[in-house]
Amino acid sequence: MLNPATIVLKNGKDHSLRRRHPWVFSGAIARVLGEPREGEPVRVEAINGELLGVGHFSSGGSIAVRMLDFGPESELPTAKYWEDKLGNAYRLRQRLALTGTADTNVFRLVHAEGDGLPGLIIDVYGDTAVVQAHSVGMYRARPEIAAALQVVFGDKLRAIYDKSAETVPGNAVPDAQNGYLFGESSGTEHVVTENGHQFAVDWETGQKTGFFIDQRDNRALLARYSPGRKVLNTFCYTGGFSVYALEAGAELVHSVDSSKKAIALTERNAELSNHANRHAAYPDDVLGFLKNHSAQYDLLVLDPPAFAKHMGARHAALMGYKRLNAAGIAHLAPGGLLFTFSCSQVVSPELFEGAVLAAAIEAGRPARILHRLTQPADHPVSLFHPEGAYLKGLVLAVE
C-alpha cells in the first residue's frame, strides 16, 4: 500500500497510545485523511503530525483502530512483520514448555492483544493451527498469517484451518466461510493430548476453536482434589474437567451440557480415558438439571459461557452468576468443593466474587476461598491492556 490513510487524533487523545494501549476509540478521532477500507492498515498521528503507530481500521463499533505497532518508526505490516510476531509468540510457548512435549500438544499460539496482535486468535492442535479473526483487518490478513505460520512451524505444520465465520463482524464480511487455508482435513478423528490426557477435538464444527484450552491449569488443580470424590461437571462442553477427575480416581463423575453434540464428545472423551464405567452424561439445561435432581456431590464445577459481552449486560450477568452459584452450592455435600468460573470480560474478579458471596449467603452455607484462579500462561495479558484478563475463578470449601 503506497499511500495509506491517516487517522488524526484529537488534542489530548493520544495519551493511551503513548502508553501502548492497542485501541483507538472512534470518539478520539479528529479527522481521517484518505478513505480507508474496512480492515485496511492505517497510520495514526497525534494532532501535531507525530506518527504514533499503525493499525487496522474499522468503521463500525466503538474501536476504530486496533494497533499493530507503535512509535515514529512504525511501518505497515509486511511478510517479515507477521513472521516476527508469530515467531516471537512461538518462542514464548517454547519457553513455557508447551511445544515438543510428549504429554501436551495443544496450546494457544496467539492470544490477541496479549501477543501484540489485536483481533487474532490462533490455537494449535498437534500438527494443525486453527485461526480465528475477530476483526476485519485480521480476516483480510489471513493469507499473510497462513504463510508466516508455515515459515515459523516448517514441516511441523500439516494444516491451517480458518474458523473466523463465527467471529469476524458479519456486517463487514457477510460471506465469510470456514475452511482450510493450508492442507486439508485428515478425514479421521482429531485426538490431542493435554497433560497426558487424550481428547477428541472438533475444530471444524465445535465451539470456539474446538477445545477450551484456557482451563488447562485449572483442570490439573481439580485433579488433585478428585480422588474418591463424587464430581458434577456442568457446562461440560467436551468434558475436560470430567476426564481429569476420572483419571485422578474420582468415585463417579456426572457431566451436564445443553448441547447434545457436546455431550457426545464428552462421552467419547470418557471412553478415551478408559474410565467410562464411572461416568454419566446428561444433555440438559444446567439450572433445570440442578432443580430436578437432588443428588449431593463432593466436588462441583460451574463453568458457564460468558453471561455478559458488553457493559449493558453486566448487572443481569451478576444476577445470573448469583442464581447459578446458589443452585450449585445447594448440591454440595458438607465439606464439598466448588470450582466456579466467569469468562465475562466486563465482570471484574471483585464483582464476580461478590456475586458468589451473595449466593453463599442466600444458600446459608459458610464458605472459604481456597484458590483464586485465572487463565494460563499461553493466554498472556499485556500490561498495557489489562482488559485481556477475562477468565476468573474461585475454589471454595463449603461447609
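FYI, the numbering just counts along the sequence from 1.
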Checklist entry - Among D303, L222, V301, whose side-chain contact (heavy atoms from CB on, under 4.5 Å) with Q215 holds? => result D303
Item to check | Distance in Å, E35 CD paired with S59 OG, rounded so as to fall on 0.5 Å steps | outcome: 12.5 Å
Checklist entry - So how far is it from R31 CZ to E45 CD, rounded to the nearest 0.5 Å? => result 8.5 Å
Next on the checklist: Looking at D123 and R108, is any side-chain nitrogen of the basic one under 4.0 Å from a carboxylate oxygen of the acidic one?
Outcome noted: yes
Checklist entry - When you measure from the centre of the six-membered ring of Y139, is the NZ or CZ of R142 under 6.0 Å away and within 45° of the axis? => result yes
Checklist entry - Can you tell me how far the CG atom of N178 sits from the OG atom of S164, to the nearest 0.5 Å? => result 7.0 Å
Item to check | side-chain contact (heavy atoms from CB on, under 4.5 Å), paired with I329, selected from T340, V398, L324 | outcome: V398
Checklist entry - Does atom CG of N11 have more than 12 heavy-atom neighbours from other groups under 6.0 Å away? => result no
Item to check | Verdict with reasoning, F307 to Y321, per ring-ring contact (aromatic ring centres under 6.0 Å, His included) | outcome: CA-CA 8 Å; F307 280 3; Y321 287 125; 4.5 Å; yes
Item to check | Distance, nearest 0.5 Å, that separates CE of M138 from CD1 of I122 | outcome: 8.5 Å
Checklist entry - Hey, are the side chains of T6 and V8 touching, using non-hydrogen atoms and a 4.5 Å cut-off? => result yes
Next on the checklist: Quick test of your reading of the model: are K163 and E204 salt-bridged, counting only N-O distances below 4.0 Å?
Outcome noted: no
Checklist entry - So do L68 and H56 actually touch side chain to side chain, heavy atoms under 4.5 Å? => result yes
Next on the checklist: Counting only heavy atoms from other residues, nucleotides and ligands, does the tally under 6.0 Å from CD of E189 exceed 12?
Outcome noted: yes
Checklist entry - What's the spacing between I213 CD1 and F107 CZ if we round to 0.5 Å? => result 9.0 Å
Next on the checklist: Please check if the number of heavy atoms outside H293 that lie under 6.0 Å from its NE2 is greater than 12.
Outcome noted: yes
Checklist entry - Between E353 and R372, is there a side-chain N and carboxylate O pair less than 4.0 Å apart? => result yes
Checklist entry - Got a sec, which residues hit side-chain contact (heavy atoms from CB on, under 4.5 Å) with T101, two or more places apart in sequence or on another chain? => result D103, T104
Checklist entry - Parallel, tilted or perpendicular: which describes the rings of Y125 and W203, with under 30° parallel and over 60° perpendicular? => result parallel
Checklist entry - Within a reach of under 6.0 Å around CG of N292, are more than 12 heavy atoms found that belong to other residues, nucleotides or ligands? => result yes
Next on the checklist: Nearest 0.5 Å, please: how far is NZ in K260 from CD in E267?
Outcome noted: 12.0 Å
Item to check | N-O pairing of E83 and K80 below 4.0 Å | outcome: no
Item to check | Sidechain N-carboxylate O distance under 4.0 Å for D298, K230 | outcome: no
Next on the checklist: Between D202 and K261, does any NZ, NE, NH1 or NH2 come within less than 4.0 Å of an OD or OE carboxylate oxygen?
Outcome noted: yes
